[in-house]
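Note that these values count all heavy atoms, side chains included, but never hydrogens, waters or copies made by symmetry. Order of the sequence lines fixes the chain letters, A, B, ..., with proteins taken first and strands second; residue numbering starts at 1 for each chain.
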Amino acid sequence: MMRADNLRRKMPWERRWVSPVLLLLLWQAGSSIGAIPARILASPVSVLGELGSMLGSGALAHHLMVSLLRVALGLAIGVGSGTALGLLAGLSRTGDAAIDPLVQIKRTIPVVALTPLFIVWFGIGEATKIGLIAFATAFPVYLNLHQGIRGVDRRLLDAARSFGLSRLQLVWHVVLPGALPSLLVGLRYALSVAVLMLVIAEQVNATSGLGYLINDARETMRTDIIVVCLMIYALLGLGGDWLVRSIEARALAWRPALLEA
Amino acid sequence: MSEVLRISFPEPPVREPEPIVRLQGFSRHFGETRVLDDLDLAIAPGEFVALLGRSGSGKTTLLRTLAGLDEANGGAVIPASRATVFQDARLLPWKRVWQNVVLGVAGEDRRQRAEEALREVGLEHRPDAWPLTLSGGEAQRASLARALIRKPELLLLDEPFAALDALTRIRMHALVLSLWRRHKPAVLLVTHDVEEAMALADRILVLDAGRIAAEEPVAAPRGQRASVVRPLRARLLGHLGLQTDGGVYADLIGRDT
Ligand SMILES: Nc1ncnc2c1ncn2[C@@H]1O[C@H](COP(=O)(O)OP(=O)(O)O)[C@@H](O)[C@H]1O
Ligand SMILES: [Mg+2]
């Protein structure tokens, strides 16, 4: 599945950068000749300038830290509970019977649609924002871990069992390592969902954070600030991907796709 | 009457050792199909037995019971000290070769013991390799090391060489024999390969229709089997449902009738 990427890792990078850079140049040219007015979309150069001054004043760092903290707390709760529930449902029949139907029912409702309920329950403060992120990220982790545990190769379990491993040892030496690739897929989803939920949650009466910056900039039609924030969101997404990739590189070193690279 | 018989025809004074494996009237079915039906099996300590049967005859099903993966019924005798080598080596891909070898083994000197076992099977150069980087033959060597390190009284081999190329298979045969000679476990080699069975075993059992349909001791010692092989092959193939006159493969399939 990742074969093509891994066989010639450098080539796609080279090629993939060409079209974005071209777009950027066109964008700048459009702004310079006045075809794209600043109130519609600020030019790349002025976006960079604004980025510089926001960095200089410390405003960006402040709001970014607020948002990062929300994501970190939400993820910690969401990934933690998703993992715990996934383990329970994956490792015990009773757990599966108790938990899985509830999760499957919940799957039919988009988490975003629960925002009003969360506001009613938790108010418009931090709890709702963190709660939404936590709730949304628990599911990809749960679903992938559960599936990963259920999908562990029976033949490997049999082999380990034939050498007299206890149930606990089987879980530790066979089931969990076997389910780890799926768990990491879940984690990757969770990270991108976390950024998505951050955007949505910060629309709710935020007085700080990236979402607040964007809302504020919208009122004053500062498209340069909006673009800076969009860039930060993109960087958050990339950062999450990088994080999971580096975890994978360490934890899944045994996989042939990673071995070849 | 039996008293009289026993007096007039005294049994030879060869004392049969207590078998290390004994199944009596063993049956196993999946739904309607009876895979093993009232099967009797006994293996002596240190004996090398081959179990021959066509694909789907229930060899693996029998071996799973001996490996302790499925329940055996009442009167079964199975040693606690046993180890299995599977056809697909079944090494845990996320553990390095040496860690696979000592899987479930406790103790301080695990690494050292693993290295010793790997040396015995000729894989001492790759203790830290990931299993998915091993060739088929190397994986089976590691798998053999994993079994041997437990010093089993019963070594169960489920077609461990079937997926290997012919040359690698010959090397593995020699390896298994030398390991068996050194450690003297009882071996049950499950195979569908008549040649393999004749080369390795003291005694060949044929599994058919859920029971041991035939039993053929290999009369000559290893290394001097040239004379017994042809008639034995013909008989074994006969038990498996293939009639041959001379027990020669080329004649068997090429016969103009
Ligand atoms: N878990 C199972 N459920 C249903 N049928 C099975 C199961 N295991 C084996 N069988 C059936 O039992 C028969 C014997 O299988 P097996 O012991 O694997 O044969 P062999 O190892 O001799 O090729 C086959 O027909 C197979 O389909
Ligand atoms: Mg089989």
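With a 4.5 Å cut-off on non-hydrogen atoms, N100(B) does not touch chain A at all. Neither the backbone nor the side chain of R96(B) comes within contact range of chain A, judged by heavy atoms closer than 4.5 Å. Proximity to chain A (any heavy atom under 4.5 Å) is shown, for L156(B), by neither the backbone nor the side chain. Proximity to chain A is limited to the side chain of R150(B), based on heavy atoms less than 4.5 angstrom apart.
For Q104(A), the CD atom is densely surrounded, since the number of other residues' heavy atoms within 6.0 Å is greater than 12. Atom CZ of R182(B) has more than 12 heavy atoms from other residues, nucleotides or ligands within 6.0 Å. The environment of CZ in R111(B) is crowded: more than 12 heavy-atom neighbours from other residues, nucleotides or ligands sit within 6.0 Å.
Contacts from residues 143-179 of chain A to chain B, taken as heavy-atom pairs separated by less than 4.5 Å, involve R155(A), L156(A), D158(A), A159(A), A160(A), R161(A), S162(A), F163(A), L165(A), H173(A), V174(A), P177(A), G178(A) in sequence order. By a heavy-atom distance cut of under 4.5 Å, not one residue of residues 73-97 of chain A is near chain B. At a heavy-atom separation below 4.5 angstrom, chain A is approached by no residue within residues 30-53 of chain B.
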Less than 3.5 Å apart, which donor and acceptor atoms pair up between the side chains of residues 180-201 of chain A and the rest of the protein, not counting sequence neighbours?
| from | atom 1 | to | atom 2 | distance (Å) |
| --- | --- | --- | --- | --- |
| R188(A) | NH2 | E248(A) | OE1 | 3.2 |
| S192(A) | OG | Y189(A) | O | 3.0 |

